[in-house]
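Right, one structure below, let's go through it.
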Amino acid sequence: MTTFVPAEEIKAKIGQVVGTSNWVEITQERVNKFAEATGDFQFIHVDPEKARLTPFGGPIAHGFLTLSLIPLLTMESDCPRPEHIKMGVNYGGNRTRFLAPVRVGKRVRGVFKLLEMDEKRPGQWQQTMEITVEIEGEAKPALQCEWITQFFV
């Protein structure tokens, strides 16, 4: 699914959707493991019985869990990657908005729109993507963010 192309070809796609990921299921097990990793055991995430009594109607994923799926969604996508890549590193984000809760049992996917692709120095590219994490069967996305990655080629 991954295609490797010259970085200049990727740069030519600024303003376009350049990829979509496969769907990834949000299971209670994934939510519980995230709670263990972060120490966030709020009942709306980890107690299905109590969560059923909330307006969500059941447990929901942590917003930060959804955000943390970006590397997985990227790897599960058809986004082009720079040729001869040695490594990529997360550089940060410009903006993140959690727009809708992700209920346990739902599936999410990433839609990637290229905003910027600049060569910072020879062999070092910085890419900014607008990433929308959609929830299968729902009109409103879970989140939208601008995420910056640096690639070393």
Under 3.5 Å, which donor-acceptor pairs link side chains of residues 43-66 to any protein atom two or more places apart or in another chain?
from: His45; atom 1: ND1; to: Ile60; atom 2: O; distance (Å): 2.7
from: Asp47; atom 1: OD1; to: Glu49; atom 2: N; distance (Å): 3.2
from: Asp47; atom 1: OD1; to: Lys50; atom 2: N; distance (Å): 3.2
from: Glu49; atom 1: OE1; to: Arg52; atom 2: NH1; distance (Å): 3.1
from: Glu49; atom 1: OE2; to: Arg52; atom 2: NH1; distance (Å): 2.9
from: Thr54; atom 1: OG1; to: Ala51; atom 2: O; distance (Å): 2.7
from: Thr54; atom 1: OG1; to: Phe56; atom 2: N; distance (Å): 3.2
from: His62; atom 1: NE2; to: Asp40; atom 2: O; distance (Å): 3.0
from: Thr66; atom 1: OG1; to: His62; atom 2: O; distance (Å): 3.4

Tabulate below the donor-acceptor pairs under 3.5 Å that side-chain atoms of residues 110-123 make, not counting sequence neighbours, or state none.
from: Glu119; atom 1: OE2; to: Gly123; atom 2: N; distance (Å): 3.2
from: Arg121; atom 1: NH1; to: Gln124; atom 2: OE1; distance (Å): 2.5

Pair up each side-chain donor or acceptor in residues 82-89 with any protein partner under 3.5 Å, not counting sequence neighbours, and list the distances.
none

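Applying the salt bridge (Lys or Arg N to Asp or Glu O under 4.0 Å) definition to pairs two or more places apart or across chains, those involving residues 13-32 are Glu29-Lys33. Residues in residues 98-111 take part in these side chain to side chain donor-acceptor pair (under 3.5 Å) pairs, two or more places apart or across chains: Lys106-Glu138, Arg107-Glu136, Arg109-Glu134. Within the structure, salt bridge (Lys or Arg N to Asp or Glu O under 4.0 Å) contacts touching residues 142-153 (residues at least two apart or in different chains) do not occur.
One finds the CG atom of Leu67 at 5.0 Å from the CZ atom of Phe98 (value rounded to the nearest 0.5 Å). Note that CD of Gln126 and OG1 of Thr149 are 9.0 Å apart. Values are rounded to the nearest 0.5 Å. The CD atom of Gln127 sits 9.5 Å away from the CD1 atom of Ile14 when rounded to the nearest 0.5 Å. We find the CE-SG distance between Met129 and Cys79 to be 4.5 Å, quoted to the nearest 0.5 Å.
Of the listed residues (Thr132, Ile131, Thr96), just one forms a side chain to side chain contact (heavy atoms under 4.5 Å, CB included) with Gln144, and that residue is Thr132.
For Tyr91, the OH atom counts as loosely surrounded, since its 6.0 Å shell holds 12 or fewer non-hydrogen atoms of other residues, nucleotides or ligands.
Residues Glu36 and Asn32 bring no donor and acceptor atom of their side chains to less than 3.5 Å of each other.
The main-chain N or O of Gly93 is never found under 3.5 Å from a side-chain atom of Arg95 such that the two would form a donor-acceptor pair.
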